[in-house]
2 protein chains.
Amino acid sequence: MSGVRAQQKEKTRRLLIDAALSQLSAERSFSSLSLREVAKEAGLAPTSFYRHFTDMDELGLTLVDEAGLTLRQLMRQARQRIAKGGSVIQISVETFMELIESNGNVFRLLLRERSGTSAAFRAAVIREIRYFTMELRDYLQQANDLDAEVAFMQANAAVTIVFSAGSDALDIDDKYERELLSKQTIQQLRFIARGAAELSARRKAARNAK
Amino acid sequence: MSGVRAQQKEKTRRLLIDAALSQLSAERSFSSLSLREVAKEAGLAPTSFYRHFTDMDELGLTLVDEAGLTLRQLMRQARQRIAKGGSVIQISVETFMELIESNGNVFRLLLRERSGTSAAFRAAVIREIRYFTMELRDYLQQANDLDAEVAFMQANAAVTIVFSAGSDALDIDDKYERELLSKQTIQQLRFIARGAAELSARRKAARNAK
DNA sequence: AAATACAGTGTACACATGTACGCTTAAATT
DNA sequence: AATTTAAGCGTACATGTGTACACTGTATTT
């Protein structure tokens, strides 16, 4: 009942997952990975792959799930830092940029599969990003006392901007340039926050005038 | 000298380009296209491909160039419409959305190869988008009398938002939902414009106070 | 009119891919 | 202790791939 066997199976399953993740890079997308390559990297015979996943697609969806997990950890981390005080926007961007630096491949996976070729993948990625967006919306709505729709539009725009900046950051080696990018991103988020606050206030005034 | 031969060659070259373009879809990315498939679609023997391109990569870069051309046509069209009066932001978004509807595959190519696997492709796409961004920056700077850096940040954010919305639009069939997306996008662009105008004004005030 | 260049063809090859199938070996169940 | 289950392996095969090479026929040049 202890499950020596199940335990071992889980272990090689992880081997496959890690093998796939480690092969991702700027030059290598998940869809360009072959079942045989992944199996080889994991130290398995090609046919052993099937004991764990029916498909490369199934492995891919598992990776997307992992990426979503990483994203949620990021949020928690950012929230902790924010609780200690400081500019919310700045802390968020900096936390995000750290994630990119340490988990570039996971992030690349999300970015690529978002506009990728498999409907299942796209749906999975979009779900993770939407979850992220909704969390941010709730936070904004509460923290800044915003109109619900306005909060959503702000959250949506902010996530778009940050993800795009993250994508750019992946291609930048120079530390100074990266910082410049961060600063610009922060400024752009402030633009959005400013516009959103104003619209929300205007809507509220209109409601009260009734 | 008339070049019956060169003319014919150009013709089949186009055949290859069009074959590749027509095979792109939501389910099919350029990188998943094989040389043989493209040649077959064009009605050529596989080896004839080499008379026109050394590589699939070379064909791909040609497609990116075409996409850039389309983008520039878009800008011209938007400018013409703007000259006739109306909200600049609204007209721009609507024009862009029309492009997406009529040239979805070309646009998909840009989106995908931007975070794609080939450095050459990425560079080419980024160049096209940067050109687009710079044009917008110049326009904003002049039309709204903005600080140069602020104009750039606004242009950059706006392009990001619009491209992201375009990517979303590709997956939406429902006409009503698409309109909703357009409206949200317009609103988001206004957020950004508002924040940018404010920062620019603040910077100018600071300069004059000296 | 003769010679040349060259777009397009067909054959051929080495290679990588996914996966079907039967085997081995050790854990789990009876 | 005997039986069953299942993870992992090796072999094998059909299929798709890029491309080398020798060819044909015709527009172009000489």
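Each chain gets a letter, A, B and so on, in the order its sequence line appears, and its residues count up from 1. We use all heavy atoms of the structure for the numbers below, so side chains are in, but hydrogens, waters and symmetry mates are not.
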Specify the separation, in whole Å, of atom NE2 of His52(B) and atom P of dA7(C). 7 Å
What is the distance from CD of Glu37(A) to P of dG18(C), rounded to the nearest Å? 8 Å
Give the minimum heavy-atom separation between Glu58(A) and Thr62(A), together with the two atoms involved. O-OG1, 2.9 Å
Mind calculating the distance between CG (Leu59(B)) and P (dG18(D)) to the nearest angstrom? 12 Å
Distance check needed: dC13(D) P versus Arg36(A) CZ, whole Å only. 14 Å
Starting at NZ of Lys40(A) and ending at P of dG18(C), how long is that distance when rounded to a whole Å? 13 Å
Determine whether Glu94(A) and Arg81(A) satisfy the following criterion, salt bridge (charged side-chain N to carboxylate O under 4.0 Å, His left out), listing intermediate values before the conclusion. CA-CA 11 Å; Glu94(A) 279 167 6; Arg81(A) 293 191 190 178; 5.7 Å; no
Tell me whether Asp147(A) contacts the main-chain N or O of Val150(A) through its side chain, where contact means a donor paired with an acceptor under 3.5 Å. yes
When only distance counts, do a donor and an acceptor, one from the side chain of Arg5(A) and one from the base of dA6(D), lie under 3.5 Å apart? yes
Do Arg178(A) side-chain atoms and Ile172(A) backbone N/O form a donor-acceptor pair below 3.5 Å? yes
Distance from Glu135(A) atom CD to Leu140(A) atom CG, nearest 0.5 Å? 11.5 Å
Atom-pair distance (CD on Gln8(B); P on dG8(C)), nearest Å: 6 Å
With no hydrogens and no angle check, is any side-chain donor or acceptor of Arg28(B) less than 3.5 Å from a backbone partner on Ser32(B)? yes
Between Ser48(A) and Tyr50(B), name the one whose nearest nucleotide on DNA chain D is closer to the 5' end. Ser48(A)
Has the side chain of Arg51(B) got a donor or acceptor that lies under 3.5 Å from a partner of the other kind on the base of dG8(C)? yes
Close approaches to DNA chain C from residues 14-34 of chain B, in residue order (heavy atom, under 4.0 Å): none
Hey, is the side chain of Thr47(B) pairing donor to acceptor with the base of dG10(C) inside 3.5 Å? yes
Atom pair distance, as rounded to whole Å: CG in Leu44(A) and C1' in dG10(D): 14 Å
Please report the interatomic distance CZ(Phe49(B)) to CG(Asp55(B)), rounded to the nearest 0.5 Å. 7.5 Å
May I have the distance from Phe49(B) (atom CZ) to dG18(D) (atom P), rounded to whole angstrom? 9 Å
